[in-house]
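Every heavy atom of this structure was used, including side-chain atoms; hydrogens, water molecules and symmetry mates were not.
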Amino acid sequence: MAIPELGVGMDKAEFGRLLRAARQRSLLTLESLAEASGVSVRAISDMERGQSLPRQATLSELMDALELAEDERRRFVEAATRRTEQVPRHLPQDLATFRGRTEALTAVHRLSSHVAGRGAHVVISAIGGMAGVGKTTLAVHWAHQVADRFPDGQLYVNLRGFEDSGRPLDPGEALAGFLDALGVPGSSVPRGTEERSALFRERAASRRLIVVLDNARDEEQVRPLLPASAGCLTIITSRSQLSGLAVTEDATLVGLDVWSREEALAALAARIGEERCRAEPRAAAELVELCGFLPLAVAIVGAQVSASPQVPLGPVVRELRESRPRLDALSSGDRRVDVRAVFSWSYRALTPGTARFFRYLALHPGPSVSAEAAASLAGVGTAAARRHLRELISANLLSRGAEGLYVLHDLIRAYGTELFERERDDRVGAETRLLDYLRYNAHWANRLLGRSASDSVGPPAEGAVRVLLDTREEALDWFRREESTVAAALRSLDAPRLLRFRMNLTQDWVTYYSVTGRWTEEIETKRMGLDAALQLDEPAAIARNSADLARALAETGQLDEADRQVESLLGLLERLDPVARAATERSIGWVRGRQKRYAEALHHARRALELYRAQGDEGTAAREMNAVGWYLALLGRYEETVALCEEAVPLLRRHGNVRIEAAARDTMGYARQRLGDLDAAVADYQESLRLYGEAFDGYNQAEVLDHLATAQQERGDRAGARESWLRAADLLSAIHSPRAERMRANAHALDGATAPTAPTAPTEQT
C-alpha cells in the first residue's frame with residue numbers, strides 16, 4: 001500500500017467538505033456551479049468527494065462563482081494548499097490600530113481585483129509619500145486583506161532605501177532571500193544579480209504571489225525584484241516617487257498624504273481609548289493638529305499618552321504646544337519611530353545643492369511658496385530652484401498645491417529650520433532677499449496697473465529674483481500668487497534690521513489692496529508700515545504711511561480714527577519737503593472729502609495742485625486737477641468741474657495715466673448729470689467704465705456702474721439701470737465688498753415701488 005504525501009489526503013477531504021457545504025448554501029447544483037465557474041461537473045464532483053484539489057486558477061474561479069466572503073475564501077485557500085509545498089508567509093503583522101485610508105484602500109483594491117480578474121501584473125510604486133505618512137502600514141494592511149487571492153504566498157523585504165545605515169539592501173541579496181523562500185536550495189542560487197532575477201521570475205511564473213518591496217531607494221533597486229507572472233501583485237513603498245517605473249514597467253502610482261482630521265482622531269482613539277477622546281474632544285483635536293496629522297507623530301504621542309492613563313489630555317497638549325523645538329516632543333528611543341530621525345534619512349539622500357536649498361526653503365514664513373520666492377530665499381536662479389524643487393517633490397519632502405505653489409508640511413519645516421540653525425546658514429541674507437524680491441517686483445507690477453507707490457526703486461539685493469511682467473493681467477496674477485507670502489512676511493519678519501525693508505514693502509503692496517478694494521488688508525498693512533516709519537523717525541515715511549492709513553480708514557467708514565491720522569499729518573507738514581508736503585496735502589483733502597467736509601477738501605487739494613505745478617510735475621498736477629474738480633462738483637460748482645476735467649484729460653492721456661483719466665471722465669459725468677445733460681453724462685460714464693476695464697480696476701468699475709445706473713434711470717431706461725446695478729453687485733461680490741448688497745437692492749427696487757438708494761459721488765483716485 002502506497003504511503004500518501006503528508007497531509008494531502010486530509011487536505012482533499014477538508015476541501016471537499018467546504019466546497020460541498022458552500023455550494024449547497026448557495027442553492028447551486030453541480031451543473032449550475034460548473035456553468036458559473038467554467039469548471040467541469042466531473043472536476044467539481046471529484047473535489048467534493050475528496051479525490052482531488054483544484055489548481056490555483058480553478059480555485060479562484062470556484063470562489064468567485066460561490067461569492068465567498070473574505071473569511072470563507074481564506075479557509076478555502078488553506079484547505080486547498082498542499083502541505084508538502086513551500087508557501088512563504090513573510091508579511092509583517094497587520095496593525096490592530098489601523099484606521100482610515102478609505103480612499104486609498106478603495107483605489108488599491110480595484111488594482112487587486114484587476115490582477116485576480118484579468119491575470120494582469122500590477123506594480124504599485126507609490127504608495128509613496130513623506131516619511132512617517134504610513135506607507136508600509138497601508139501596504140501591509142492591504143496585502144493581508146487580499147492574501148487569500150494569492151494562495152502561493154507572500155514575499156516581503158525591507159529594501160532599507162532610507163535608513164540610518166545609509167546602505168540600501170543590494171537587490172541580489174533580496175533575491176537570494178526570495179529564492180530560498182520559494183524552495184531553491186542554496187547551492188542552486190546563481191551568484192549574479194541578473195541570473196538570480198531570471199531564476200526568480202521563472203519560479204514565480206506559475207505562482208500567484210504577493211511581493212511587497214518596502215522602503216525602496218530608487219527604480220534600479222526595484223527592477224530586478226519584479227516578478228513577470230500575470231498572477232502576481234507587487235506592492236512597492238518608497239519616499240521617492242519612482243515615476244520611472246510608471247514609464248517603463250506600467251506601474252500605477254498611488255500617492256499617500258497625511259491623515260484627515262477625522263482619520264487622525266480615529267487613530268488616536270484606537271491607541272488611547274474612545275472614552276479619553278470623548279472626555280476632552282478639543283484637546284484631542286488640537287493634539288492631532290499639533291502632530292500635523294502625520295501618522296507617525298500621532299502614533300508616538302498616542303503611545304506616550306496611553307502610557308500615562310491618569311494624565312488628562314490638556315497638559316499633554318500644552319506641553320507639545322510649548323515644546324521648543326517641537327520635534328523634541330516627538331522623539332523616541334527607537335530611531336525607526338522617531339520623527340526627526342526618519343526625516344533625516346530622507347534629507348541625507350538629497351544632493352548637496354538641494355539639501356542647502358531645503359534648509360533655506362524652511363525659512364519661508366507663509367503656508368505656500370512660489371518658485372521665485374524660494375529662489376530668492378536661497379539666493380539661486382529660478383531654473384536652479386525649479387530643479388531643487390523637483391528633487392524635493394521626488395523625495396516627498398515637499399508637495400505642490402492646487403494653484404501650483406509649493407507646500408512644506410509643518411513638521412518638515414520645523415526639521416528644516418533646525419538644520420538651518422545647525423549649519424549656521426545666512427538668515428539675514430535670506431530674509432533680506434525675500435523682502436526685496438517682494439518689494440522690487442511689486443513696484444514694477446504697480447506701474448502695469450497704472451499706479452506707482454514710490455517714485456523710484458533701486459536694484460534688488462543680489463540673489464533676489466526679478467520677475468518679467470508685461471501686462472496688467474500678469475501683474476495682478478503675480479500679486480495674487482505672493483499675497484499670502486507678503487502677509488506672513490510682514491507678521492513674522494520683524495527684526496529691527498529689517499524695519500526699512502518692511503516699511504518699503506508695505507508702501508509697494510498697498511496699491512494692490514487699493515485696486516482690489518481690499519480695505520481690511522490695506523489697513524492692517526499700513527499700520528505695520530506706519531509703525532516701522534515711526535521707529536525709524538522719518539517724517540516723509542510717517543506722512544506717507546499715515547496718509548494711506550487715513551484713506552483706508554475713511555473708505556471703511558472709520559472716520560473718527562481717520563480724523564486722528566489727519567490731525568497727525570497736519571502737525572507734520574512743516575517737517576516735510578515740497579514733494580512730500582504736496583502728497584500729504586492731497587491725502588488730507590481726500591479724507592476731508594470722505595468726511596463730507598468739502599470746503600476743507602477743496603482747500604487742501606488746491607494747495608497740493610499749487611505745489612505740483614511749482615515743481616513742474618505736469619503728470620501729477622493733472623491727476624490733482626481731477627481731485628480739485630471732484631470737490632468743486634461736491635460743492636455744486638459743476639461748470640468749473642467740467643472745464644477743469646476737460647483740461648486734465650489730454651494731459652493724463654499724454655502721461656499714460658489710464659486710471660485717473662477714467663476718474664476724470666467719471667467726475668465729468670457726475671457734473672453733467674447734475675447739469676441735466678444726461679446723454680453727455682452717460683457717454684462720460686461709459687468711457688470711464690472702458691478705461692477702468694483697461695486698468696483691471698473692478699472696484700472703481702462698480703462705482704461708475706452705480707453712477708451710470710442713476711443716469712439711465714433718469715432717462716427712463718429702467719432695464720439698463722437694472723443691468724448696471726447687477727453688474728456692479730457682481731464686481732463688488734468678487735472682492736467681498738459689503739456694498740454689493742446695496743447695488744443688488746437698487747436693481748431689485750426697480751421691479752417694485754421702492755426708490756433705489758441715492759448714488760455715491762465719484763471717488764477721487766490716488
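Within 6.0 Å of the CD atom in Glu67, the count of heavy atoms belonging to other residues, nucleotides or ligands does not exceed 12. Crowding of Glu35 atom CD: a count of heavy atoms from other residues, nucleotides or ligands under 6.0 Å not exceeding 12. The neighbour count for Gln93 CD, taken as heavy atoms of other residues, nucleotides or ligands under 6.0 Å away, does not exceed 12. Counting non-hydrogen atoms of neighbouring residues, nucleotides and ligands closer than 6.0 angstrom, the CD atom of Gln51 exceeds 12 such neighbours.
Residues Leu330 and Val301 meet the side-chain proximity criterion, which asks for heavy atoms closer than 4.5 Å. Side-chain contact check for Ile236 versus Ile127: every heavy-atom pair is 4.5 Å or farther apart.
Remark: Thr354 pairs with Thr351, His388, Glu391 by the side-chain hydrogen bond (donor to acceptor under 3.5 Å, both in side chains) rule, at least two apart or across chains.
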**Request:** Before giving the answer on salt bridge (Lys or Arg N to Asp or Glu O under 4.0 Å), spell out for Arg99 and Glu263 the whole-Å C-alpha distance, their side-chain angles and the decisive distance to 0.1 Å.
**Result:** CA-CA 7 Å; Arg99 294 293 186 276; Glu263 287 175 324; over 6 Å; no

**Item:** Worked verdict on Arg101 versus Asp257 for salt bridge (Lys or Arg N to Asp or Glu O under 4.0 Å)
**Value:** CA-CA 10 Å; Arg101 300 303 191 193; Asp257 203 349; over 6 Å; no

**Request:** Run the numbers on Arg49 and Ser45 for side-chain hydrogen bond (donor to acceptor under 3.5 Å, both in side chains), then give the verdict.
**Result:** CA-CA 6 Å; Arg49 288 184 287 113; Ser45 176; 3.3 Å; yes

**Message:** The test is salt bridge (Lys or Arg N to Asp or Glu O under 4.0 Å); show your working for Glu72 and Arg25 and say whether it passes.
**Reply:** CA-CA 12 Å; Glu72 289 181 290; Arg25 277 199 312 275; 2.4 Å; yes

**Message:** Applying side-chain hydrogen bond (donor to acceptor under 3.5 Å, both in side chains) to Arg23 and Thr29, what does each step give before you reach the verdict?
**Reply:** CA-CA 7 Å; Arg23 177 176 62 79; Thr29 64; over 6 Å; no

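Using a cutoff of 4.0 Å between basic side-chain nitrogens and carboxylate oxygens, Glu48 and Arg17 are not scored as salt-bridged. Note on Asp152 versus Arg203: no salt bridge recorded, every NZ/NE/NH1/NH2 to OD/OE distance being 4.0 Å or above. Look at Arg340 and Asp328 and you find a salt bridge, because one of the NZ, NE, NH1 or NH2 atoms lies within 4.0 Å of a carboxylate O, short of that distance. A salt bridge between Arg261 and Glu289 is present, with a side-chain N of the basic residue lying under 4.0 Å from a carboxylate O of the acidic one.
For the pair Val222 and Leu245, the tightest heavy-atom approach, listed with the atom from each and the gap, is CG1-CD1, 3.9 Å. The shortest non-hydrogen separation linking Leu209 to Phe150 is O-CD2, 3.7 Å. Closest approach of Leu91 to Ala143, counting heavy atoms only: CD1-CB, 3.6 Å. Residue Leu411 comes nearest to Cys291 through the heavy atom pair CD1-O, 3.3 Å, listed as atom of the first residue, atom of the second, then distance. The two atoms that bring Pro227 and Phe200 nearest to each other are N-CE2, 3.8 Å, heavy atoms only. Between Gly172 and Thr193, the shortest heavy-atom distance links the atoms CA-OG1, 3.6 Å.
With 3.5 Å as the limit, one finds no donor-acceptor pair spanning the side chains of Asp46 and Ser52. Using modelled atom types and a 3.5 Å distance limit, the side chains of Arg359 and Tyr415 yield no donor-acceptor pair. When only modelled atom types and interatomic distance are considered, Asp218 and Ser240 share no side-chain donor-acceptor pair under 3.5 Å. A side-chain donor-acceptor contact under 3.5 Å links Ser197 and Arg201. Arg276 and Ser306 share no donor-acceptor pair across their side chains, judged by distance under 3.5 Å alone.
A side-chain donor-acceptor contact under 3.5 Å links Asn396 to the backbone of Arg239. In terms of modelled atom types and a separation under 3.5 Å, the side chain of Ser308 and the main chain of Val311 share no donor-acceptor contact.
For Arg217 and Phe162, the positive end sits near the middle of the six-membered ring, less than 6.0 Å away and at most 45° from its axis.
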